[in-house]
Amino acid sequence: MDAVPRPSTALGTSDEIEALPRGNPLDRVADFPAIPRGWAYLDTAATAQKPRPVIEAITRAYAETYATVHRGVYQRSADMTLAYESARRRAAGFIGGASDEIIFVRGATEGINLVAHSWGGANLAPGDRIMLSVLEHHSNIVPWQLIAQRTGAIIDVAPLTPDHRIDLDAMAAMLTDRHKLVALAHVSNVLGSVLDARRAADLAHAVGARLLLDGCQAVPRMAVDVAALGCDFYVFSGHKLYGPTGIGVLWGRAELFAAMPPWQGGGAMIDKVSFARTTYAPPPARFEAGTPHVVGVLGLEAAIDYVETIGLNAIAAHEAALVRETRDALSALNSVRLFGPEDSAGIVSFAIEGVHPHDIGTILDESRVAIRAGHHCAQPLMAHLGVDATARASFGVYNGIQDVEALVGGIERVTRIFG
Ligand SMILES: Cc1ncc(COP(=O)(O)O)c(C=O)c1O
């Protein structure tokens, strides 16, 4: 990346930034074959690029070791079953859970729908309440609306603080013993705000509610330990963690899963089937109907190995530094409005006065800078911010200071074009 031409940017005047090493201190961009030289990929919050070890794990699984799991009587299938279950233990260890508390799902969206449908269907009654927050992704809103319509439960929405965090003081004042579930983003996909998850768990538990954390944007950026967080359910998607699409994890407390009914029926989730009566397998199999995404699970395991080899604390520190540089540089530009708290995790949303975010994204693309522009599947948050859309830059292990420079140089160009 050193050879990337440095655009003229406001960053050049900052002593702090001049002092930063060139390139990426994590030195990881070479691991990512789909990132060409000079391309600033700043859309990791949407999906992360894939490192070679993940690509190789997927290729090996299809080219050398492929077979179904849990059914075959032949050696290859038995081996694949061992590999699949070993990956479950790996995923459990990654977030501090037990392996029978890990359910492989298609992604966070499916994980939340599973909890809403199964746990919500069994535990919510008319008049019960569900607490969400203004900044939730649609994946952590719509499944609750669907189950609320079915059960007669009511949804409440915790507000944000002026610096765009979930306002836990306000939430504490809203919670009652009718609340059965609190479901919050661990890290906001738009603002990067990090939830005080432990406090959220204490507040939820104080009124007898369960806490679900949407960890999609947290697991790629910080070490997560579900026991320390004190939550009851935790979900994340593999593709945002440098793993494949189509695979994700739902973690839940064993006693909660044990009491939950299946939500999808089919092969692999049963104990005995007859037309008179069907009984179900214990968790996690009860919630994994059908042939699972075996190769996706192995790719996810490789992704977990990859981020753990770098170290989640090193990744967190790296992204925090990039966010700091970005916010410092953008706040020096008069027409730029920044959203989210100063200490946001790896994600910076912004707007430029008089310029639609889609135009920002298109002009930045001409400078080989890829950002996201839109509502980020968070329309209630957009309404709260008083905008239809924002521009969003989000970082990953492959980004370095030169990507921040390219972004800021591109934004200066946008402001020149729009006068
Ligand atoms: C905070 C958050 N929650 C949930 C999701 C949904 O993830 P997926 O589409 O992988 O199921 C996303 C994806 O953008 C997200 O950022």
Side-chain angles (χ1 to χ4, degrees), residues 41-50 54 91 95 103-117 132-146 157-158 160 164-166 182-195 197 200 211-222 224 229 231 233-251 263 287 293 296-297 299-300 303-304 319 339-341 344-349 370-382 384 389-396:
Y41 182 70
L42 298 177
D43 199 17
T44 298
T47 198
Q49 295 292 332
K50 313 306 169 200
V54 168
I95 55 167
I103 295 167
F104 288 122
V105 287
R106 280 193 297 137
T109 301
E110 188 172 76
I112 297 170
N113 275 280
L114 192 165
V115 177
H117 198 279
L132 308 177
S133 89
V134 171
L135 59 66
E136 299 310 314
H137 189 283
H138 296 166
S139 295
N140 199 27
I141 298 175
V142 183
W144 303 114
Q145 290 176 324
L146 292 173
V157 185
L160 304 187
H164 298 156
R165 300 170 202 275
I166 297 173
V182 177
L184 302 174
H186 192 183
V187 171
S188 158
N189 64 309
V190 179
L191 305 164
S193 355
V194 183
L195 176 73
L211 175 67
L212 178 143
L213 291 177
D214 171 357
C216 256
Q217 300 296 343
V219 290
R221 321 204 132 77
M222 61 183 64
V224 167
L229 297 176
C231 58
F233 297 104
Y234 197 95
V235 294
F236 66 89
S237 293
H239 70 100
K240 295 182 198 277
L241 183 68
Y242 308 95
T245 49
I247 191 69
V249 165
L250 163 65
W251 171 87
W263 82 306
F287 301 105
H293 188 4
V297 166
L300 174 64
I304 291 171
E319 294 195 18
F339 302 101
S344 71
I347 296 170
V348 180
S349 263
I371 61 149
R372 173 86 182 262
H375 57 61
H376 315 290
C377 299
Q379 287 178 346
L381 174 60
M382 296 297 116
H384 172 84
T390 72
R392 179 188 71 186
S394 55
F395 299 107

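We count ligands from 1, going down the list as the structure has it; atoms in each ligand are counted the same way.
The CG atom of Leu211 lies 6.0 Å from the CG atom of Leu184; values are rounded to the nearest 0.5 Å. Here the straight-line distance linking atom CD of Gln217 with atom OG of Ser237 works out to 9.0 Å at 0.5 Å rounding. In this structure, the separation between SG on Cys216 and CG on Asn189 is 8.0 Å, given to the nearest 0.5 Å. Here the straight-line distance linking atom CD1 of Ile247 with atom CZ of Phe236 works out to 9.5 Å at 0.5 Å rounding. Gln49 CD to His239 NE2: the interatomic distance, rounded to the nearest 0.5 Å, is 12.5 Å.
In this view, Phe339 satisfies the ring pair (Phe, Tyr, Trp, His ring centres under 6.0 Å) rule with no residue, not counting sequence neighbours.
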Between ligand 1 and the protein, which N/O pairs fall short of 3.5 Å?
unit_1	atom_1	unit_2	atom_2	d
ligand 1	3 (N)	Asp214	OD1	3.3
ligand 1	3 (N)	Asp214	OD2	2.5
ligand 1	10 (O)	Ser237	OG	2.7
ligand 1	10 (O)	His239	NE2	2.7
ligand 1	11 (O)	Ala108	N	3.4
ligand 1	11 (O)	Thr109	N	2.9
ligand 1	11 (O)	Thr109	OG1	2.6
ligand 1	14 (O)	His137	NE2	3.2
ligand 1	14 (O)	Lys240	NZ	2.5
ligand 1	16 (O)	Gln217	NE2	2.7

